[in-house]
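The model shown is predicted, which means the values in this text are computed figures rather than measured ones. The figures that follow rest on heavy atoms only: side chains count, while hydrogens, waters and symmetry mates do not. Every chain is numbered from 1 and lettered A, B, ... according to where its sequence line falls, protein lines coming before strand lines.
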Protein chains: 2
Amino acid sequence: MYRIGELAKHFDINQDTLRFYEKNQLLVPSERSRAGYRLYTEQDKQTLSFILRAKAVGFSLNEIQELLSIEIDKANNACADVKTLVDHKRLAVEEKIAELQAFQLSLQRLSDACCGGDVSAVHCTILEALETGETKVRSENHSHEFKEQQDVVAE
Amino acid sequence: MYRIGELAKHFDINQDTLRFYEKNQLLVPSERSRAGYRLYTEQDKQTLSFILRAKAVGFSLNEIQELLSIEIDKANNACADVKTLVDHKRLAVEEKIAELQAFQLSLQRLSDACCGGDVSAVHCTILEALETGETKVRSENHSHEFKEQQDVVAE
DNA sequence: CTTGACCTTGGAGTTACCTCCAAGGTTTAT
DNA sequence: ATAAACCTTGGAGGTAACTCCAAGGTCAAG
């Protein structure tokens with residue numbers, strides 16, 4: 001059993017965040033001490049860990065609640081519905097992974113373009129690294145002048 | 001050249017979001033028409049695409065700006081610093097990917113535990129699927145007391 | 001020349017997600 | 001038994017990221 005302060009400290013979050021999660025039914029401590037202190041079980045701790053990790057990869061608290069409330073139960077007829085929901089989430093996660101892997105690759109390219117120095121890359125940004133399959137090589141066209149005026153188009 | 005409405009429609013976002021991004025220096029349209037209309041180039045469109053994808057995988061606008069402003073330039077002495085930043089980001093992305101893959105796996109298990117029906121799983125939640133290496137099999141302990149979870153997080 | 005669909009700006013309002021505060025009760029150490 | 005370090009509640013405040021609104025300018029079509 002953890003008290004709110006312990007748990008908060010363990011995950012380096014604010015106690016108020018835990019109270020907030022409780023108010024919003026994301027994480028309700030399994031017990032209360034006689035004095036009314038929140039008491040979190042090991043299971044609660046697991047759940048919190050899940051919540052924080054899900055948050056870190058871009059799920060909203062609403063989505064996380066949705067995930068937490070999924071309970072596949074063969075005795076339940078709604079099983080097919082649940083499966084649909086899960087598969088839907090799975091697709092979303094798959095997309096996120098793909099996005100991140102593209103990121104990963106482009107950051108790698110950015111890193112490689114730098115200092116490592118066997119390539120002739122002179123200039124590179126994340127966008128260029130993402131865009132092109134290879135490290136963008138701009139062999140010396142630094143046309144970084146300011147263009148003074150917005151001389152129109154669009155009639 | 002795209003006008004704000006076209007671009008917004010293309011990405012299914014609000015025009016005001018684009019104005020907001022401009023105000024916060026995330027995406028400043030390359031040009032303005034004589035009348036003052038924002039004109040976005042193909043390049044701007046690319047950048048927007050990047051911003052939205054980065055957002056989807058949990059980066060804050062501040063972080064995205066940081067990513068966008070990374071410019072590896074061999075002529076620049078700050079190259080090592082940039083490499084450090086990039087590698088740092090790369091680590092963060094790697095972690096996100098790992099998290100998502102764990103998710104992926106557990107969702108898969110959830111899905112498999114359902115309907116597919118060759119296993120004897122009777123009950124399974126995302127937490128249990130994450131926790132255990134195998135599909136959690138609870139052969140018949142339905143302690144489904146009522147949990148009155150009323151007011152779910154906003155709606 | 002008017003209509004309607006565009007666009008502009010500044011500023012206010014909203015939502016999600018916390019974070020802080022005040023007033024007070026509980027526990028533990030000295 | 002008093003201090004400190006915990007905890008409680010309700011409610012206000014804060015930040016990020018939009019989202020909406022009003023008043024008005026632009027532009028192609030009829």
Side-chain angles (χ1 to χ4, degrees), chain A residues 1-41 44 47-68 150-155, chain B residues 1-41 44-45 47-68 151-155:
Chain A
M1 293 295 194
Y2 307 90
R3 272 175 309 169
I4 196 168
E6 299 175 279
L7 203 62
K9 192 169 181 184
H10 183 266
F11 288 101
D12 196 27
I13 59 174
N14 197 305
Q15 296 183 16
D16 283 322
T17 300
L18 287 171
R19 297 196 185 95
F20 175 79
Y21 287 167
E22 178 173 0
K23 201 166 65 190
N24 291 280
Q25 303 290 317
L26 251 113
L27 180 63
V28 180
S30 301
E31 292 192 38
R32 288 281 184 137
S33 75
R34 182 171 300 158
Y37 286 18
R38 288 168 180 80
L39 295 173
Y40 296 89
T41 63
D44 293 336
T47 305
L48 179 55
S49 170
F50 174 82
I51 292 169
L52 297 177
R53 287 186 293 128
K55 229 167 59 67
V57 291
F59 285 102
S60 72
L61 298 192
N62 271 340
E63 289 175 305
I64 294 170
Q65 217 202 15
E66 213 170 56
L67 285 167
L68 283 172
Q150 41 269 51
D151 45 6
V152 276
V153 182
E155 305 262 85
Chain B
M1 291 293 194
Y2 307 90
R3 271 174 310 168
I4 196 167
E6 299 174 280
L7 203 61
K9 192 169 181 184
H10 183 267
F11 287 101
D12 197 27
I13 59 174
N14 197 306
Q15 296 183 16
D16 282 323
T17 300
L18 288 171
R19 296 195 186 96
F20 174 79
Y21 287 167
E22 177 172 359
K23 201 165 68 188
N24 291 279
Q25 302 289 316
L26 254 114
L27 180 63
V28 179
S30 302
E31 291 192 39
R32 287 282 183 136
S33 77
R34 183 170 299 154
Y37 286 18
R38 288 167 180 81
L39 295 173
Y40 296 88
T41 64
D44 293 336
K45 192 175 159 189
T47 305
L48 179 56
S49 171
F50 175 82
I51 291 169
L52 297 177
R53 286 186 295 128
K55 228 166 61 66
V57 291
F59 285 103
S60 72
L61 296 193
N62 271 341
E63 290 175 306
I64 294 170
Q65 213 195 22
E66 213 170 56
L67 285 167
L68 282 171
D151 44 22
V152 176
V153 182
E155 180 61 27

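The separation between A:Arg19 atom CZ and D:dC6 atom P is 13 Å, rounded to whole Å. Protein atom CZ of B:Arg32 is 17 Å distant from nucleotide atom P of D:dG25, rounded to whole Å. In this structure, A:Asn24 atom CG and C:dT19 atom C1' are separated by 14 Å, rounded to whole Å. Atom CG of A:Leu18 and atom P of D:dC7 are 10 Å apart (whole Å). Going from atom CG of B:Leu39 over to atom P of D:dT26 covers 15 Å, rounded to whole Å.
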Sort me out a list of protein N/O and nucleotides 10-17 of chain D N/O pairs below 3.5 Å, or just none if empty.
unit_1	atom_1	unit_2	atom_2	d
D:dA17	OP1	B:Leu61	N	2.8

Pairs under 3.5 angstrom, nitrogen or oxygen only, protein versus nucleotides 26-29 of chain C, please.
unit_1	atom_1	unit_2	atom_2	d
C:dT26	O4'	A:Tyr37	OH	3.3

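Rounding to the nearest 0.5 Å places CZ of B:Arg38 at 5.0 Å from CD1 of B:Ile4. One finds the CG atom of B:Leu18 at 10.0 Å from the CG atom of B:Asp44 (value rounded to the nearest 0.5 Å). To the nearest 0.5 Å, atom CD1 of residue B:Ile51 and atom CG of residue B:Leu68 are 5.5 Å apart. The distance from the CG atom of A:Leu27 to the OH atom of A:Tyr40 is 5.5 Å, given to the nearest 0.5 Å.
Every residue meeting the side-chain contact (heavy atoms from CB on, under 4.5 Å) condition with A:Arg3, not counting sequence neighbours, appears here in chain and number order: A:Glu6, A:Tyr37, A:Leu39. Remark: A:Phe11 engages A:Leu7, A:Ile13, A:Lys45, A:Leu48, A:Ser49, A:Leu52 in a side-chain contact (heavy atoms from CB on, under 4.5 Å) (not counting sequence neighbours).
Here the closest heavy-atom approach between residue A:Gly5 and residue A:Gln15 is recorded as CA-NE2, 3.6 Å. For A:Met1 against A:Glu31, the heavy-atom pair with the smallest separation is CE-OE2, 2.8 Å.
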Taking it one step at a time, do A:Ile64 and A:Phe50 satisfy side chain to side chain contact (heavy atoms under 4.5 Å, CB included)? CA-CA 9 Å; A:Ile64 294 170; A:Phe50 174 82; 4.2 Å; yes
Stepwise side chain to side chain contact (heavy atoms under 4.5 Å, CB included) check, B:Lys23 with B:Arg19: CA-CA 6 Å; B:Lys23 201 165 68 188; B:Arg19 296 195 186 96; over 6 Å; no
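Near DNA chain C, meaning a heavy atom under 4.0 Å from it, residues 4-13 of chain A has no residue at all.
Among the atoms of the strands shown, only primed sugar atoms or phosphate atoms (P, OP1, OP2) are found under 4.0 Å from some heavy atom of A:Arg38.
Side-chain N/O atoms of A:Asn14 include one lying less than 4.0 angstrom from OP1 or OP2 on C:dC20.
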For residues 54-63 of chain B, which side-chain N or O atoms pair as donor and acceptor with protein atoms under 3.5 Å away, sequence neighbours left out?
unit_1	atom_1	unit_2	atom_2	d
B:Ser60	OG	B:Asn62	N	3.4
B:Ser60	OG	B:Glu63	N	3.1
B:Glu63	OE1	B:Ser60	N	2.8

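Annotation: of the two residues near DNA chain C, A:Thr17 and B:Gln15, the 5′-most nearest-nucleotide partner is B:Gln15.
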